[in-house]
*Asks:* 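Before I ask anything, let me first share the structure, which is written out below as structure tokens.
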Amino acid sequence: MAMRRIDDLSSLKWQRKNWVGRVGFVPTMGALHAGHLELVHVARSMTDHVVVSIFVNPTQFNDPKDLAKYPRTLEQDLALLESYQVDTVLLPSSDWMYPQGFQTWVEVLEVPRAYEGAHRPGHFRGVTTVVAKLLNLVQADAMFLGQKDAQQVATLQRMVYDLNFPTQIKVVPTMREADGVALSSRNRFLSVAERQQAPVLYRSLMSTAELYRTGERDAQRLREHALTLLQSSAIGTVEYFDVVSLPDFLPVHQADERPILLVSTLLLGKVRLLDNLVLPLELNTVEGLTHAWTLG
Ligand code: PAF
């Protein structure tokens, strides 16, 4: 069946009634790359009716310049989604998501406080609010999120759990370039020199994973190991590297718990490269990651 495109709220309400079987939902801001398509592929394999939303959510950008320059590639995105046999694509307008007089926010307090939350004030409040609205509209059985935005996954997991959304979150492993760089819509803004430096982030995560595999559990020593490698990048600035627990995203002193997450952000020029790794490495499958991020 041809992909349905919905861009008004009234039509979503009546079309929703015709969706058959388990509904899988992939929220996106467009500028789709292989990482998003992997989410769609996993959703296709696990659910019956796949819905993808494309909405560049203004409330999650703390810098208006970032919002203005966010890549918008709608026609190409739609063609890709059609070729991945998506059933329905939602294209909400800003008026639809944030009607006149809008004043209701959904905010998780602790999980998004540090790391990305500290560097991007208000970002996670925008994410949780828009995703809560989308979930209310789509009423999905499962929502598919990428591991790359690990704190986003942990925050949305907390929201879904605390507010009793009937949606299960499935976490899909990060897709990478051949040299290990995690796919991201922002990679296109790296200069040639910055792109050459970018693999240092993944290399430092993998090298720290190797130290962990050989028995090191002291978080301070794991951190120092990674920082030494990261600081060898000639032009990057490390914003943070830490060892956190899952699913609550709190820093740990001893990495004895299972699983743990290495999280890091490297600033290359104006681009913030995020990456993370769940340890032990054998948990890096949809089942392993989904279980690692599950509350309760
Ligand atoms: O990860 C993203 O692209 C966005 O934060 C999301 C989940 C689509 C909400 O706008």
Side-chain angles (χ1 to χ4, degrees), residues 6 24-40 42-43 50-64 66-74 76-78 80-81 86 88-94 96-98 102 105-108 111-112 115-117 119-138 140 142-160 163 165 167-175 182-189 249 263 265 271-276 289 293:
I6 302 184
F25 177 47
V26 182
T28 81
M29 298 208 298
L32 303 181
H33 52 64
H36 297 106
L37 297 173
E38 178 65 7
L39 299 180
V40 173
V42 176
V50 177
V51 182
V52 176
S53 64
I54 300 181
F55 178 62
V56 183
N57 175 30
T59 65
Q60 68 186 78
F61 287 82
N62 50 318
D63 180 351
D66 266 358
L67 172 61
K69 72 166 197 234
Y70 197 83
R72 287 160 172 89
T73 55
L74 184 60
Q76 192 185 315
D77 293 348
L78 291 173
L80 283 168
L81 294 177
V86 165
T88 300
V89 57
L90 284 190
L91 300 168
S93 63
S94 281
W96 175 4
M97 297 311 283
Y98 298 107
F102 182 87
W105 297 92
V106 178
E107 186 167 17
V108 175
V111 180
Y115 309 112
E116 286 310 289
H119 282 87
R120 303 172 71 186
H123 167 72
F124 284 111
R125 186 177 86 145
V127 171
T128 41
T129 301
V130 82
V131 174
K133 286 174 65 78
L134 290 165
L135 285 178
N136 280 335
L137 293 164
V138 174
M143 174 165 68
F144 296 81
L145 297 174
Q147 173 201 358
K148 193 187 133 267
D149 294 312
Q151 196 171 9
Q152 168 167 286
V153 178
T155 302
L156 289 173
Q157 187 70 269
R158 190 75 240 176
M159 176 191 87
V160 161
L163 298 184
F165 280 89
T167 306
Q168 201 199 2
I169 292 181
K170 301 277 186 194
V171 187
V172 178
T174 302
M175 293 284 284
L183 297 190
S184 162
S185 313
R186 290 165 198 256
N187 290 354
R188 68 188 76 190
F189 298 124
F249 229 85
V263 279
T265 293
V271 182
R272 303 181 67 246
L273 286 187
L274 272 69
D275 209 344
N276 67 75
L289 296 176
W293 259 273

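When a ligand or atom number is given, it counts from 1 through the structure's own listing order. In what follows, residues are counted from 1 in the order of the sequence shown.
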*Asks:* Return the closest protein heavy atom for atom 3 (O) of ligand 1 as residue, atom name and distance.
*Replies:*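 Its nearest protein heavy-atom neighbour is M29 CG, 3.7 Å.
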*Asks:* If you take all heavy atoms of M143 and T167, which pair is closest and at what distance?
*Replies:*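 In this case the closest contact between M143 and T167 is N-CG2, 3.6 Å.
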*Asks:* Test L134 against F55 for side-chain contact (heavy atoms from CB on, under 4.5 Å), laying out the working first.
*Replies:* CA-CA 10 Å; L134 290 165; F55 178 62; 5.6 Å; no
*Asks:* Any side-chain to backbone donor/acceptor pair from T129 onto W105? Under 3.5 Å, distance only.
*Replies:*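 Checked: no pair found.
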*Asks:* Specify the protein heavy atom at minimum distance from atom 5 (O) of ligand 1: its residue, its atom name, and the distance to 0.1 Å.
*Replies:*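 Residue, atom and distance for the closest contact: Q152 OE1, 2.8 Å.
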*Asks:* At a 4.0 Å threshold, what atoms of ligand 1 neighbour a non-hydrogen atom of P27?
*Replies:*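 Those atoms are 8 (C).
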*Asks:* Of all the atoms in ligand 1, which lie at a distance below 4.0 Å from a heavy atom belonging to T28?
*Replies:*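 Answer for ligand 1: 8 (C).
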*Asks:* Please work out whether the ring planes of Y70 and F61 are parallel, tilted or perpendicular, with thresholds of 30° and 60°.
*Replies:*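 Taking F61 first and then Y70, their aromatic rings stand perpendicular (interplane angle over 60°).
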*Asks:* As an exercise, identify every atom of ligand 1 less than 4.0 angstrom from a heavy atom of V130.
*Replies:*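 Taking each heavy atom of V130 in turn, ligand 1 has 9 (C), 10 (O) under 4.0 Å.
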*Asks:* Please walk me through it: do E116 and R272 pass side-chain contact (heavy atoms from CB on, under 4.5 Å)?
*Replies:* CA-CA 10 Å; E116 286 310 289; R272 303 181 67 246; 2.6 Å; yes
*Asks:* Any atoms of ligand 1 less than 4.0 Å from a non-hydrogen atom of Q60? List them with their elements.
*Replies:*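 Going through ligand 1 atom by atom, the ones under 4.0 Å from Q60 are 4 (C), 5 (O), 9 (C), 10 (O).
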